[in-house]
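What follows is a single structure, written as structure tokens, with notes after it.
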Amino acid sequence: MCGLAGVILGKKRRRAEEREHLAWLFTRLLVLSESRGPHATGVAWLNRDGEHRLFKRPVSAGQFVIDKAFHEVVAGIDNRTTVLLGHTRWRTRGDERVNRNNHPIRAGDVIGTHNGTIYNADYLFRRFKLRRFAEVDSELLFRLAARAARSGRMDVEWFKERLRRCRGQMTAVLVSRLDPETILVLKGNKPLELRTHRKHRAVLYASDPAFLDAVLAEERGWRELSVPSMSMIVFRHEVLTEFSRESLEFIVQEKRGKAP
């Protein structure tokens with residue numbers, strides 16, 4: 001069990017106050033998500049030109065957000081930013097003291113966060129001859145996405161075809177530095193809730209709807225964005241509301257053991 005939290009940003013000229021407010025909402029979501037993963041916390045953002053920042057540490061979210069480096073990273077968000085990714089990790093495989101095992105994970109030009117376990121990741125790394133630098137199975141998803149984006153724009157159909165070979169649990173958010181205006185949300189058999197705001201041109205997401213309800217209790221204009229399980233949502237920074245939804249297919253396996 002891990003916690004995903006983040007903000008997907010549409011194209012808009014935002015005043016500094018609005019950017020700071022969205023960052024504040026994100027920070028609160030991240031702290032609430034600590035209950036889903038106390039062992040490590042991380043954040044990353046990307047801009048339209050592929051510039052990015054990534055910061056993660058083997059500490060709880062409560063400790064993480066008081067780190068000066070966290071505030072420096074969040075302060076770097078501007079009107080070019082397309083997405084702000086957050087993750088709170090519950091350690092399963094891979095020592096959290098080895099920071100490359102923590103999320104967000106950068107695999108080539110792809111940066112992403114994942115909640116779940118891919119039980120056949122070791123086999124698929126060998127099968128597709130993918131480079132590997134961490135112990136965690138999550139890296140597989142982002143290595144496949146990086147290969148799907150080698151020519152620039154994300155080849156969603158190629159990526160979907162490879163995901164069908166994965167076995168386990170999967171919900172993830174990812175983006176490529178080669179195509180930073182395309183943000184993929186994979187909602188598989190792990191929870192993820194989204195809220196959208198027309199004026200802010202933004203989407204907030206978290207693994208637990210209670211976190212969003214708590215953070216947005218006194219906010220106006222946020223509406224639920226209903227996404228069924230086993231869906232892939234493709235958001236475009238240029239026009240955030242004109243997203244596409246496709247089916248997400250993989251071999252669902254809720255517990256380690258014999259494959260279904």
ask   = Would you call Leu54 and Arg106 a side-chain contact if the rule is heavy atoms closer than 4.5 Å?
value = yes

Less than 3.5 Å apart, which donor and acceptor atoms pair up between the side chains of residues 179-187 and the rest of the protein, not counting sequence neighbours?
residue: Asp179; atom: OD1; partner: Thr182; partner atom: OG1; Å: 3.2
residue: Asp179; atom: OD2; partner: Met154; partner atom: N; Å: 3.1
residue: Asp179; atom: OD2; partner: Thr182; partner atom: OG1; Å: 3.0
residue: Thr182; atom: OG1; partner: Arg236; partner atom: NH1; Å: 2.3
residue: Lys187; atom: NZ; partner: Leu192; partner atom: O; Å: 3.0
residue: Lys187; atom: NZ; partner: Val227; partner atom: O; Å: 2.7

Beyond-backbone contact of His103 with Cys2, side-chain heavy atoms, under 4.5 angstrom
no

Taking Arg14's backbone N and O only, do any of them form a donor-acceptor pair with Arg19's side chain (distance below 3.5 Å, no angle check)? yes

query = Linking I/L/V/M/F/W/Y whenever any side-chain heavy atoms sit under 4.5 Å apart, do Val74 and Ile8 land together?
reply = no

Heavy-atom distance under 4.5 Å between the side chains of Leu46 and Glu51, does that happen here? no

Sorted by chain and residue number, the side-chain hydrogen bond (donor to acceptor under 3.5 Å, both in side chains) partners of His21 (sequence neighbours excluded) come out as Glu219

For Trp90, the other hydrophobic cluster members (4.5 Å side-chain criterion, sorted by chain and number) are Met1

| request: Using a cut-off of 6.0 Å, state whether more than 12 heavy atoms not belonging to Phe133 lie near its atom CZ. | output: yes

Members sharing Val239's hydrophobic cluster, built from side-chain contacts under 4.5 Å between Ile, Leu, Val, Met, Phe, Trp and Tyr, are none

- Item | Side chain to side chain, Leu248 and Phe250, heavy atoms closer than 4.5 Å | yes

**Message:** Pair Arg223, His197 - check side chain to side chain contact (heavy atoms under 4.5 Å, CB included), show working.
**Reply:** CA-CA 6 Å; Arg223 299 288 182 265; His197 197 289; over 6 Å; no

Q | Asn102 and Arg89: side chain donor to acceptor below 3.5 Å | A | yes

His114 meets the ring-ring contact (aromatic ring centres under 6.0 Å, His included) criterion, sequence neighbours left out, with none

Taken to the nearest 0.5 Å, the spacing of Leu124 CG from Leu144 CG works out to 7.0 Å

Joint hydrophobic cluster, Trp222 plus Phe243, side-chain heavy atoms closer than 4.5 Å: no

For Tyr119, the ring-ring contact (aromatic ring centres under 6.0 Å, His included) test, sequence neighbours excluded, returns none

Checklist entry - Any salt bridge between Asp122 and Arg93, counting N to O under 4.0 Å? => result yes

### Min side-chain heavy-atom separation Arg143-Arg131 under 4.5 Å
yes

With a 4.0 Å cut-off on N to O distance, would you call Glu139 and Arg100 a salt bridge?
no

- Message: Between Asp155 and Trp158 (side chain of the first, backbone of the second, donor and acceptor by atom type, cut-off under 3.5 Å), is there such a pair?
- Response: yes

_Shared hydrophobic cluster for Val156 and Ile233 (ILVMFWY, side-chain gaps under 4.5 Å)_ = no

**Prompt:** Less than 4.5 Å apart, any side-chain heavy atom of Cys166 and any of Leu141?
**Reply:** yes

- Message: For a quick check under 3.5 Å, do Glu135 and Asn101 share a side-chain donor-acceptor pair by atom type?
- Response: yes

Among the clusters formed by ILVMFWY side chains lying less than 4.5 Å apart, do Leu22 and Val175 turn up in the same one?
no

Within the side chain of Asn79, is there an N or O that forms a donor-acceptor pair under 3.5 Å with the backbone of Arg13?
-> no

Of Arg57, Arg91, Lys56, the one forming a salt bridge (charged side-chain N to carboxylate O under 4.0 Å, His left out) with Glu96 is Arg91

Check the hydrophobic clustering (I, L, V, M, F, W, Y; side-chain heavy atoms under 4.5 Å; chains of links allowed) and say if Phe125 and Ile118 are grouped together.
yes

Spell out, as yes or no, whether a donor-acceptor pair under 3.5 Å connects the side chain of Thr82 to the backbone of Asn47. no

| NZ or CZ of Arg28 within 45° of Trp24 ring axis and under 6.0 Å | yes

Point to revise | Gln253 side chain vs Lys255 backbone, donor-acceptor pair below 3.5 Å | key: yes

Check whether any side-chain heavy atom of Val43 sits under 4.5 Å from a side-chain heavy atom of Leu30, and report yes or no. yes

By side-chain hydrogen bond (donor to acceptor under 3.5 Å, both in side chains), Arg97 pairs with (sequence neighbours left out) Asp95

Problem - Pair Leu163-Met232, side chain to side chain contact (heavy atoms under 4.5 Å, CB included): steps then yes or no - result: CA-CA 11 Å; Leu163 290 177; Met232 175 186 287; 4.0 Å; yes

Residues passing the side chain to side chain contact (heavy atoms under 4.5 Å, CB included) test with Arg53, sequence neighbours excluded, are Trp45, Val73

When rounded to the nearest 0.5 Å, the distance separating CZ of Arg177 from CG of Asp49 is 9.5 Å

Minimal heavy-atom distance between Gly188 and Ser229, with the atoms involved, is O-CB, 3.3 Å

Nearest heavy-atom approach of Ile251 to Arg165 is CD1-O, 4.2 Å

- What's the verdict on side chain to side chain contact (heavy atoms under 4.5 Å, CB included) for Phe26 and Ile77, showing C-alpha distance, side-chain angles and the deciding distance? CA-CA 12 Å; Phe26 166 78; Ile77 297 169; over 6 Å; no

Between the CZ atom in Arg127 and the CG atom in Asn120, the distance rounded to the nearest 0.5 Å is 11.5 Å

Residues passing the side chain to side chain contact (heavy atoms under 4.5 Å, CB included) test with Arg164, sequence neighbours excluded, are Glu161, Glu249

Item to check | Any donor-acceptor N/O pair, His39 side chain to Ser60 backbone, under 3.5 Å | outcome: no

Practice prompt. Could you tell me whether Arg48 atom CZ has more than 12 heavy atoms of other residues or ligands within 6.0 Å of it?
Written response: yes

Contacts of Thr27 meeting side chain to side chain contact (heavy atoms under 4.5 Å, CB included) (sequence neighbours excluded), chain-then-number -> Val65, Phe70

Test item: Leu130 and Arg147 side chains (from C-beta on) under 4.5 Å apart, heavy atoms: yes

When every non-hydrogen atom of Ile105 is compared with those of Ser138, the smallest separation belongs to CD1-CB, 4.1 Å

Item checked: Between Asp109 and Ser176: side-chain donor-acceptor atoms closer than 3.5 Å -> no

The side-chain hydrogen bond (donor to acceptor under 3.5 Å, both in side chains) partners of Thr196 (sequence neighbours excluded) come to none

Within the side chain of Glu34, is there an N or O that forms a donor-acceptor pair under 3.5 Å with the backbone of Gly62?
yes

Table please: side-chain donor-acceptor pairs of residues 199-214 below 3.5 Å, with sequence neighbours left out.
residue: His200; atom: ND1; partner: Glu18; partner atom: OE2; Å: 2.7
residue: Arg201; atom: NH1; partner: Lys11; partner atom: O; Å: 3.0
residue: Ser207; atom: OG; partner: Leu4; partner atom: N; Å: 2.8
residue: Asp208; atom: OD1; partner: Ala210; partner atom: N; Å: 2.8
residue: Asp213; atom: OD1; partner: Arg195; partner atom: NH2; Å: 3.2

Heavy-atom nearest pair, Asn115 first then Arg36, reads ND2-NH2, 3.3 Å

Review point. So, Thr41 side chain and Phe64 main chain: donor-acceptor pair closer than 3.5 Å or not?
Key: no

